[in-house]
**Q** 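Sending over a structure as structure tokens; questions will come in a sec.
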Amino acid sequence: MVAHSTIKNVPPLNHLAIIMDGNGRWAKQQGLPRVAGHHQGVQTVTRIVDECISHGIAYLSLFAFSSENWGRPQPEVDALMGLLLQFLASQRQRMLDGGIRLRVIGDRRRLSDSVRAALATTEEETRAGSCLTLVLALSYGGRDEIVRAAQKIAEQAALGLVDFKTLDNKQFSTFLDTTDIPEPDLLIRTSGEMRISNFLLWQSAYAELYFTDVLWPDFDAAELQRAIDDYQCRKRRFGLTDDQLQPVSVTDDKEITN
Ligand code: FPP
């Protein structure tokens, strides 16, 4: 019997970001309309939120509707907005009971009044939630977010509240929609596509990337566990050398019995 302890170079998974892709293909495989895939996608969202809580993940960011998704056929856009409203109504109590805080990132000005109002109400009602922060990216694009941040900075600079000469990464990031939200540790994309499609461009600079062929409606606890296991084996250097890395966590001693 050998006592064995493992030293890891990976920080705990505090913030998981997911590009939920493949709803349309899932529906097509089942011979169903695309919207059925989005319906099923919402079921996956509720399951994965629970799983993240069990894994002790503090932030879960989901790419729910991109700035480019406005170009989809209007009935699909309407269906997605309807699903969002249903999701907020059906999950309200669950969020309050489970300590889930909702945060929304993206350009809300393009959302309808009713969607904007429902989001604002849920954000306000759940603001004390301290178990998991669910960050929904809606009408969101990373480049758009950076441009909007630059515009806000320009406005503040004109008022003498920001000094361009001393502006640095840290201060710039406070003007992003994700202000106060830590950067993602792991970014998952489902459905086999290997790109980040304008999601959290600034924030994902040092995120570990994980791609799976599984379509979002089929993504489940086992798939999440696979991604987390993979993350645990990564070595995050943040631009430093191997020798400079400090072990960040020591797992409990495990007994190896063979
Ligand atoms: C990508 O699949 C998915 C989306 C564009 C929307 C994701 C939305 C949901 C999971 C439902 C709404 C979410 C909430 C939180 C209420 P796709 O349509 O691009 O699939 P495809 O690439 O196979 O066509």
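We count ligands from 1, going down the list as the structure has it; atoms in each ligand are counted the same way.
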**Q** Looking at residues at least two apart in the chain, or sitting in another chain, which of them share a side chain to side chain contact (heavy atoms under 4.5 Å, CB included) with D177?
**A** I105, Y140, E145, R148, K152

**Q** Distance under 4.0 Å to a non-hydrogen atom of R25: what atoms of ligand 1 satisfy this?
**A** 21 (P), 22 (O), 23 (O)

**Q** Can a salt bridge be assigned to the pair R116 and D113 using a cut-off of 4.0 Å between side-chain N and carboxylate O?
**A** yes

**Q** When you compare the side chain of D229 with that of R226, does any pair of heavy atoms fall below 4.5 Å?
**A** no

**Q** Name the closest protein heavy atom to atom 12 (C) of ligand 1, giving the residue it belongs to and the distance to 0.1 Å.
**A** V42 CG2, 3.8 Å

**Q** What atoms in ligand 1 come closer than 4.0 Å to a heavy atom of A64?
**A** 6 (C), 7 (C), 8 (C)

**Q** Okay, side chain of W26, backbone of G37: is any donor-acceptor separation there less than 3.5 Å?
**A** no

**Q** Would you mind running through ligand 1 and noting each atom that sits below 4.0 Å from a heavy atom of N69?
**A** 5 (C)

**Q** What's the shortest distance from atom 10 (C) of ligand 1 to any protein heavy atom, and which residue and atom give it?
**A** N23 ND2, 3.4 Å

**Q** Could you tell me the residue and atom name of the protein heavy atom closest to atom 15 (C) of ligand 1, and the distance to it rounded to 0.1 Å?
**A** L136 CD2, 3.9 Å

**Q** Please determine whether any non-hydrogen atom of R34 lies less than 4.0 Å from an atom of ligand 1.
**A** yes

**Q** For atom 4 (C) of ligand 1, state which one of Q86, M81, H38, Q91 supplies the nearest heavy atom.
**A** H38

**Q** Taking 4.0 angstrom as the limit and counting only heavy atoms of F87, give me the atoms of ligand 1 inside it, by number and element.
**A** 16 (C)

**Q** Where do P12 and D185 come nearest, in terms of heavy atoms and distance?
**A** O-OD2, 3.8 Å

**Q** Name all residues meeting the ring pair (Phe, Tyr, Trp, His ring centres under 6.0 Å) criterion together with Y210; count only those two or more places apart in sequence or in a different chain, and write none if there are none.
**A** none

**Q** Closer than 4.0 angstrom: is that true for some heavy atom of R72 and an atom of ligand 1?
**A** yes

**Q** Ring-plane angle category for Y59 and H15, please: parallel below 30°, perpendicular beyond 60°, tilted otherwise.
**A** tilted

**Q** Flag the pair R189 and D21 as a salt bridge only when some basic side-chain nitrogen lies within less than 4.0 angstrom of an acidic carboxylate oxygen.
**A** yes

**Q** Does an N or O from D21, backbone or side chain, lie closer than 3.5 Å to an N or O of ligand 1?
**A** yes

**Q** Considering only the protein, which heavy-atom contact is closest to atom 1 (C) of ligand 1, and what is its distance?
**A** M20 O, 3.2 Å

**Q** Considering the heavy atoms of G24, write down every atom of ligand 1 situated less than 4.0 Å from one of them.
**A** 17 (P), 18 (O), 20 (O), 21 (P), 23 (O), 24 (O)

**Q** Here's a test for you: under side-chain contact (heavy atoms from CB on, under 4.5 Å), which of V42, T44, I48, L62 qualifies with M20?
**A** L62

**Q** Is ligand 1 less than 4.0 angstrom away from at least one heavy atom of L62?
**A** no

